[in-house]
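We count residues from 1, following the sequence as given.
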Amino acid sequence: MITPEFLQSLKAGLRYWQAQTESNADDVIRRLDAEQPNIYRLVQYGRKVPELRRDTAVLALNAFYLVERKGYWLEWLSVFSDAANDWLKDEGDRPLKVQLLNRLGYLYQSARQLDEAVATHTQAEQIATDLQDTELLNLTWYYLCIDYRHCRQYEQAEKYGLLALTGFKGRSVHEKWYGFTLNELGLIAYHRGDLAQARQKLEK
């Protein structure tokens, strides 16, 4: 049984680590790497308390770049899966759910579980479409582009890449994503043997 004192301690810990994991700068990630076991342990406690699950999901989302860059994919997969599929029940949490699904799909990519990656990002696409959230939809299309490139389904990969590229174009806040998508389209063209198109995309 969780005592009120321990519950308050968990809440304080979640708030503290949410703030500490907001930045994805390299020096921050290096510093957080030493704390990864403590963050993971806190998430394991938080996931058991229904009233703390949203805050725990936010911490997991913030910790994604630590997980991704330092290779903690497999041990965090169940965290992201449960957070995206089980913890968030309120209608207002659907945008957070899409973000978690996109990150979960990326972890599946990293673990070479490509069918799961496609299914997860397709689920995110459906919710983002229902929400009419173009920002989340563009990001989801980008991830689907990568999924299908890894699956060597280049026609599908190009379709989603072009959708994402159109959405990102001209929006300075998404300039890096525009560049990432051009890179993906260049790789797709390369694998299809269109070297001129690959060079054009990659140089741009």
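The ring pair (Phe, Tyr, Trp, His ring centres under 6.0 Å) pairs that include a residue from residues 94-125 are F64-Y106, H121-Y143, where partners are two or more places apart or lie in different chains. Listed by first and then second residue, the ring pair (Phe, Tyr, Trp, His ring centres under 6.0 Å) pairs that reach into residues 67-91 are Y40-W76, sequence neighbours excluded. Pairs passing the salt bridge (charged side-chain N to carboxylate O under 4.0 Å, His left out) check and including a residue from residues 70-80, sequence neighbours excluded, do not occur. Residue pairs satisfying the salt bridge (charged side-chain N to carboxylate O under 4.0 Å, His left out) criterion with at least one member in residues 21-44, sequence neighbours excluded, are listed as follows: D26-R69. Residue pairs meeting the salt bridge (charged side-chain N to carboxylate O under 4.0 Å, His left out) criterion with at least one member in residues 144-162, sequence neighbours excluded, are R149-E184, E158-R192.
Ring geometry, Y154 versus H191: the interplanar angle falls under 30°, so the pair is classed parallel (tilted spans 30 to 60°).
For H150, there are no ring pair (Phe, Tyr, Trp, His ring centres under 6.0 Å) partners at least two apart in sequence or on another chain.
Considering every non-hydrogen atom in both I188 and A157, the closest pair reads CD1-CB, 3.5 Å. Across all non-hydrogen atoms, the minimal contact from A111 to L77 is CB-CD1, 4.5 Å.
When the options T56, D86, D82 are evaluated for a side-chain hydrogen bond (donor to acceptor under 3.5 Å, both in side chains) with R47, the one that passes is D82.
Separation of the F180 and F168 ring centroids does not fall under the 6.0 Å cut-off.
Salt bridge status for R94 with D133: absent, with no side-chain N to carboxylate O gap under 4.0 Å.
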